[in-house]
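The block underneath contains the structure these notes are about, expressed in structure tokens.
Side chains included, hydrogens not; waters and symmetry mates left out as well; all remaining heavy atoms used. This structure is a prediction, so every number in the text was calculated from the model and none was measured. A, B, ... follow the sequence lines: proteins, then strands. Residue 1 opens every chain.
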Amino acid sequence: MELTKNFDPKAIEDKWYKHWLSKRYFSSKPDSRPAFTVVIPPPNVTGVLHMGHTLNETVQDVLVRKARMSGFNACWVPGSDHASIATEAKVVGMLKEKGIDKNSLTRTEFLKYAFEWKEKYGGIIYNQIERLGCSVDWDRTTFTMDDHYYKAVIKVFIDLYNKGLIYRGARMINWDSAAKTALSDEEVEYKDITGKLYHLRYKLDTNKEAYINIATQRPETIMGDTAICVNPNDERYAHLKGAYAFVPLINRRIPIIFDDYIDINFGTGALKVTPAHDINDYNLGLKNNLEIVDTINEDGTMSAAAQIYVGEDRFVARKKIVKELEERGFLAKEEEYSTRLGYSQRTGVVVEPRISTQWFVKMKELAQPALKAVVDGDIKIHPGDKFLATYKYWLENVKDWCISRQLWWGQQIPAWYDPEGRIVVAETEEEAYNKYYNEFGDKPQINGEIWSGLTQDADVLDTWFSSWLWPTQVFKGITEPDNEEVKYYYPGSVLVTGQDIIFFWVARMVMAGMEYEKKIPFKDVYFTGMVRDKHGRKMSKSLGNSPDLLELIDKYGADAVRFGIMVSSPAGNDLMFDENSLEQGRNFNNKIWNALKLIKMWEGRARQLTGIYETAENKFALDWFENRLYKVRADVEILMTQFRLSEALKTIYSLIWVDFCSWYLEWIKPGFEQPINAAVYNKTINYFESLLQLLHPYMPFVTEEIYHLLQEQQNDLCVKQFETVKPIDATILAQGELLKQVITTIRDGRNKNQLKPKETITLFIETDIKETYYSIKDILCKQVNADELSFTNEALANTIVLAVEKDKFYIKTDKELDSVTLKEDLLKDLEHQKGFLASVEKKLSNERFIQNAKTDVLAMEQKKKADAEARIKTIEESLSIIS
RNA sequence: GGGAGUUUAGCUCAGUUGGUUUAGAGCAUCUGCCUUACAAGCAGAGGGUCACAGGUUCGACUCCUGUAACUCCCA
């Protein structure tokens, strides 16, 4: 069989993914094995996978594939959420292009368009997950607007309402004037900006010539002013008790009130109170029974109540009002002012504080068990406790959750109102009627006529109000409580997600899990960092620094993308994404491919040759590598349970590239066109298979392909189970290290003396432990291109002298030697060793050290001292024979 | 303003209860090699007063205090 020069990912990725699917390796049914359950953090249907998702999905796939190969029944549930605000905006935009106004449609008609849109674009994400090689159970794909899921959300709403944990009320909420909906506190992002502080003159009615100056950032809201407030301890305003002032431009007469909430030192010390447009003013208003004048419409334009500039956008109105205030002498001064403004996470517009009647979830009660689960350690957060404090803080200071959204795309709130505003909450309209009848007695009468209808709340629920049920409802735990699947798969094993949604999603899932399953939803939470570009900037559409996933896969291959993103992703830290690391992944693919090519060259030459297998160097190489393999297997096992996935990958990478390719294969490599012993060949195949298996969770495609090219296989690597790790022989590992060190030292000596790789040498070893070299001397000769090796008991003149540990090596060659460099190197080493010895001796001559240090530490120091002295002696002897 | 975290080689990071050869890896750099698996490669090398200043200790990258810079969260 002819193998291509380089590995070509394109040729095999699709083939293997289809093969795995056809074997149904990714589909899971409850059985006698322990479950390993992961639910995908549902990306929203409007999007494409960005690099953050790529990191996230890769981490999950590594964990899931590893579990599947380690005796677990691995179940990874894919899906997406409906993203009410974002999707509705896209659908409205799509309709607009078709010349259709949303308001001209009925709710049902609109939803039909929305579902069509979802069918068309919602699959993009799934295709990307597939291309990345993710081993998700596609039969379990769940969408938060599926029928059963919709029912679950409604059921939970009703249940919490009946428990008194959901209420409806008028509150100051965050209003998104572009999406025309309320937002939860978590959906507001604050940014520092430089604004302006306007000092305005309000005429007092005590004296026609007297004014009071107030400072405001929002002059367009003065028409909503219903008071001016000053601090009762502020002497400047003490005389104004009981006084009134007039709002500029509209001349409303408003009282001057006193409250120590006011900061005397801020602005002018006098605050205009606009209860409809500021949360603090709202509270002041409640306290002082002030009127609420709402001057801004839901689309952000000035309302009729504003009296002037009606219909103008709030920011346009601001400019015009400032101009008019200035012209009419009400503007005392303007100053620069740095402040923070809230922006909508979804639409980016400035959030408008607005009084509005909305639905809320009481969070205090739900938060308690969720806090306890993490504090008690039932749920472990990784890495370390980096995010524990954030989680705790939020739950300890949690505020009620505004869950109603003024949209159509989502679960419609199951509340019905009569014309007097009385509420019943029920699953269906019919049930609502019955409930209403039961609750309020006879059918209500309006204007003496029999009343004929209840109206359902037009709003839908926050998308997170459906996502928080994800770990249970993907197994229908809400709609069919205690069913076999939820009993088997819940709680999940690990949740992998970004630290940015710790409140939105993670904390709330724990709440829902504790409330409805009475159990935590997952045992471990692994937070990935944010993906940045190589300059450390956030990836964003506007910067254009976010690469296209499919293009990257086309260019480097899925395995290389997975490698690149995992290798540069230490747990929890931000990841500086750099295409260099993908290149490294591609090179790694190629390295493994070439190891395959080398071994395949031997296939036809593998013969049972008497005596050859049992040569000492073959046996040494085989034993050494076997132990290296076990050592790394054990290390990787530990690293992975600690979620140190990046380190585990680096460890495997180095085992394959350095230990296997650079050392082991060179050691067992037969001479040019020479036969190889069949036993050595077969063991090498087995080692290679183990390496591929170890790497498979990270790079599934290339490993599966090579696994099958190595030899005829009865199974697939994808589901090949790991064998238990055998005990490790530390002695042979140490011997291997010594051998590598000797080889490297001699090669360095060759290099420094400009010996060409092809020039052979004669090597002499002066050592007390000759027997150590018996099993490795043939490897040594091969690796340093020595045609002759012998032992000596004395220093040899006119040779290159090198020292490793207590042993000395003499290289004899025809070439003229660079004794100056040689001497310099030895002197440098001598100096280093002497410095080291001094530091050890200093320790050992300290009485308090002798008294306090543990015996094994003491013994170690004494050994260090003896070793250092021996090395110094070796080096000095070597120096003495260099002319 | 409050809280959390980070600071180790040019870059990205390890360094597990303070002692393990006077700090490790990958990438990048430099030198030499087209050696019959691989130039997307091979062989070798150089590079760090562990942010700064104190303190605890026989001993500090590791523990404590302070300072500085950066990042994130909250108001």
Nearest of B/rC72, B/rA37, B/rA40 to any side-chain atom of A/Arg532?
-> B/rC72

May I ask you to say what A/Arg750 touches in the nucleic acid, namely base, sugar-phosphate or nothing, with a heavy-atom cut-off under 4.0 Å?
-> nothing

When all nucleic acid strands are considered with a 4.0 Å heavy-atom cut-off, which category describes A/Arg747: base, sugar-phosphate, or nothing?
-> sugar-phosphate

Cation-aromatic face contact A/Lys191/A/Tyr343, 6.0 Å, 45 degrees | yes

Writing each nucleotide of RNA chain B 5' to 3' as (, ), [, ], | or . by Watson-Crick or G-U pairing under 3.5 Å yields (((((((..((((.....[....)))).(((((.......))))).....(((((..]....)))))))))))).

Check: B/rC38 base within 3.5 Å donor-acceptor of A/Lys591 side chain = yes

Distances for protein N or O near nucleotides 26-36 of chain B N or O, under 3.5 Å:
unit_1: B/rG26; atom_1: O2'; unit_2: A/Gln584; atom_2: NE2; d: 3.0
unit_1: B/rC33; atom_1: OP1; unit_2: A/Lys756; atom_2: NZ; d: 3.3

Quick test: give all pairs of protein nitrogen or oxygen and nucleotides 7-10 of chain B nitrogen or oxygen below 3.5 Å, distance rounded to 0.1 Å.
none

For A/Trp602, report the nucleic acid contact type (base, sugar-phosphate, nothing); a contact means any heavy atom under 4.0 Å.
-> nothing

Tell me, do A/Phe660 and A/Arg628 make a side-chain contact under 4.5 Å, heavy atoms counted?
-> no

Could you tell me whether A/Glu396 contacts a base, only the sugar-phosphate backbone, or nothing, with contacts defined as non-hydrogen atoms closer than 4.0 Å?
-> nothing

Looking for any heavy atom pair under 4.0 Å, which part of the strands does A/Lys5 touch: base, sugar-phosphate only, or nothing?
-> sugar-phosphate

